[in-house]
Amino acid sequence: MSKYTKTAKRACLSALLAFSTTVIAIAQNQEGLSAKLWTLKECTDYAVENNLGILEGKLDVENAETDILTAKAARLPSVSASVSQGVSSNWFNNSAAHKNNYNGSYGVSAGMTLFNGGSINRNIEQKENALKIQNLNLERNTLDLKLRIAQLYVQVLYDKENIKMKEENAEVSKLLWERGTEFMKAGSMSKADVAKLESQHTSDLYQITAAKSQYDNDLLALKSAMRMQRNYVELATPDIAEESILEIIPSRDEVFQRALDNRPEIEISNINISNSQLALESARMGYAPKLSLSASSGTNNMSGNSAAFGKQLKTNWSNSLGLNLSIPIYSQRQNRSAVEKAKNDVEYYKMAAQEAEDNLYTTIENAYLSARNSQQQYISAKKAYESAKLSYSLAVEQFNLGMKNIAELEQEKNTFLAAEQSLAQSKYMAIYNIQALRFYTGQQITI
């Protein structure tokens with residue numbers, strides 16, 4: 001090959017490489033790729049800000065605020081105006097002075113409730129409680145979302161570490177395969193044994209592919225929870241100190257007592273009881289009399305009258321003012337049935353509150369057991385890992401010296417890989433479960 005041919009070939013390869021780089025850069029820009037490394041806090045904040053359920057909850061809060069304004073406006077009088085205009089015909093009455101007669105009426109009326117057993121005030125209080133419940137529902141959904149994001153985040157962190165472990169393992173198996181090839185050339189290892197080493201390396205490469213596939217799936221789940229499915233996301237890998245894994249776990253009773261004071265589902269249950277008691281009082285007031293005030297002012301006119309239009313309006317003007325008293329005597333059992341149902345509702349919400357408390361305790365109990373067990377698993381896994389690592393390192397050295405066969409090496413390797421994976425799993429399980437347990441005391445999850 002001539003010098004010019006080599007130069008042209010290098011120029012062509014350089015141009016192709018530049019073109020490929022440009023295409024990749026354009027594709028990355030189009031897909032919104034970013035070099036930003038997302039921390040757990042950033043993922044959580046973004047998810048809370050963009051989650052549709054959270055946004056819908058904010059609309060529910062606004063609607064509840066509007067309901068309060070409507071309930072308070074019931075204290076004010078209602079005012080309405082009316083205008084009517086009509087025409088009548090007398091085409092077949094020859095004696096009629098006018099074949100068409102026009103008439104109109106104009107008025108303003110108002111009404112106001114003076115007494116209805118305090119139903120207006122109770123309704124306002126119920127609407128205010130409804131607003132509190134909507135805010136608490138929003139808070140509960142936010143807390144659930146934060147916990148979900150943390151769970152997915154930790155899973156992706158484990159997936160990243162798992163890929164790294166698989167790659168390191170594949171690198172070792174490659175070196176062993178190359179070492180075995182050298183043994184075969186030297187006549188100290190059979191071709192079949194070298195084929196086994198090659199097969200093991202190929203299997204390790206497949207494990208890398210499987211680990212990356214799991215990473216992609218879990219990352220997609222995280223991005224979906226964040227509503228970032230169409231964007232590129234790369235997580236920051238925090239340094240997890242062993243102290244945070246082995247920190248003292250608070251007792252379940254301590255966590256439960258603090259959760260009773262700050263968890264929104266408990267406060268929602270208490271507010272529901274209060275609302276049901278207000279509804280019972282309103283139902284009992286169905287037996288009470290109701291007093292209202294009404295007033296009206298209006299006038300009318302009619303054509304064919306000798307008086308002018310303005311004169312008629314002035315002459316026909318009338319005003320009225322009245323008090324209306326409504327006393328229930330027999331309501332076809334409607335009031336009694338309403339009271340009975342309201343009493344049952346009170347009992348229902350009391351039982352629902354107890355159920356919510358029991359469910360919270362069960363959740364905290366599970367979180368406590370998970371945190372304690374995963375911490376103990378980490379301690380045991382670390383000891384097993386250190387032992388398996390040392391044993392595997394010695395086995396590799398002995399294999400390189402021809403003192404271990406493939407079957408013995410394979411056994412040591414499998415033991416080491418299992419210990420390594422158990423350690424990684426227990427580490428991330430422990431850090432998540434401990435943080436999740438503390439989350440129920442009102443603390444933020446920090447990883």
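Here, residue 1 is the first one in the sequence, and each next residue gets the next number. Nothing here was measured: the structure is a model prediction, and the numbers come from that model.
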Compute whether any side-chain donor of one residue and acceptor of the other, for [X] and [Y], lie under 3.5 angstrom apart.
X: Gln214; Y: Asp218; result: yes
X: Asn116; Y: Thr113; result: no
X: Ser391; Y: Glu412; result: yes
X: Tyr158; Y: Gln421; result: yes
X: Gln155; Y: Tyr432; result: no

Do [X] and [Y] come close enough that some side-chain heavy atom pair is under 4.5 Å?
X: Met189; Y: Val194; answer: yes
X: Asp253; Y: Tyr361; answer: yes
X: Val172; Y: Tyr392; answer: yes
X: Gln257; Y: Leu260; answer: yes
X: Leu143; Y: Arg140; answer: no

Nearest heavy-atom pair of [X] and [Y]: which atoms, and what distance?
X: Ala47; Y: Ala225; value: CB-O, 4.0 Å
X: Tyr385; Y: Glu420; value: CD1-CA, 3.6 Å
X: Asn433; Y: Ser374; value: ND2-OG, 3.4 Å

Does the distance from a Lys or Arg side-chain N to an Asp or Glu carboxylate O, for [X] and [Y], drop under 4.0 Å?
X: Arg336; Y: Glu340; result: yes
X: Arg438; Y: Glu247; result: yes
X: Lys341; Y: Asp345; result: no

Is Arg252 reaching over with its side chain to a backbone N or O of Glu365, donor-acceptor style, under 3.5 angstrom?
no
Distance-only, no hydrogens or angles: does the Asp60 side chain make a donor-acceptor pair with backbone N or O of Gln134 under 3.5 Å?
no
Here's a test for you: under side-chain contact (heavy atoms from CB on, under 4.5 Å), which of Ile208, Thr209, Leu417 qualifies with Lys166?
Ile208
Quiz: residues 237-244 side-chain donor-acceptor pairs under 3.5 angstrom, not counting sequence neighbours:
{"from": "Thr237", "atom 1": "OG1", "to": "Lys160", "atom 2": "NZ", "distance (Å)": "2.8"}
{"from": "Glu242", "atom 1": "OE1", "to": "Lys382", "atom 2": "NZ", "distance (Å)": "3.2"}
{"from": "Glu242", "atom 1": "OE2", "to": "Tyr378", "atom 2": "OH", "distance (Å)": "2.9"}
{"from": "Glu242", "atom 1": "OE2", "to": "Lys382", "atom 2": "NZ", "distance (Å)": "2.5"}
{"from": "Ser244", "atom 1": "OG", "to": "Ala241", "atom 2": "O", "distance (Å)": "2.6"}

Taking Ser173 as the fixed residue, which of Glu198, Gln207, His201, Glu168 is the one that meets the side-chain hydrogen bond (donor to acceptor under 3.5 Å, both in side chains) rule?
His201
Only counting residues at least two apart or in another chain, list the ones meeting side chain to side chain contact (heavy atoms under 4.5 Å, CB included) with Met403.
Gln398, Leu401
Run Trp38 and Tyr46 through ring pair (Phe, Tyr, Trp, His ring centres under 6.0 Å) and show every step you take.
CA-CA 10 Å; Trp38 290 74; Tyr46 187 91; 5.6 Å; yes
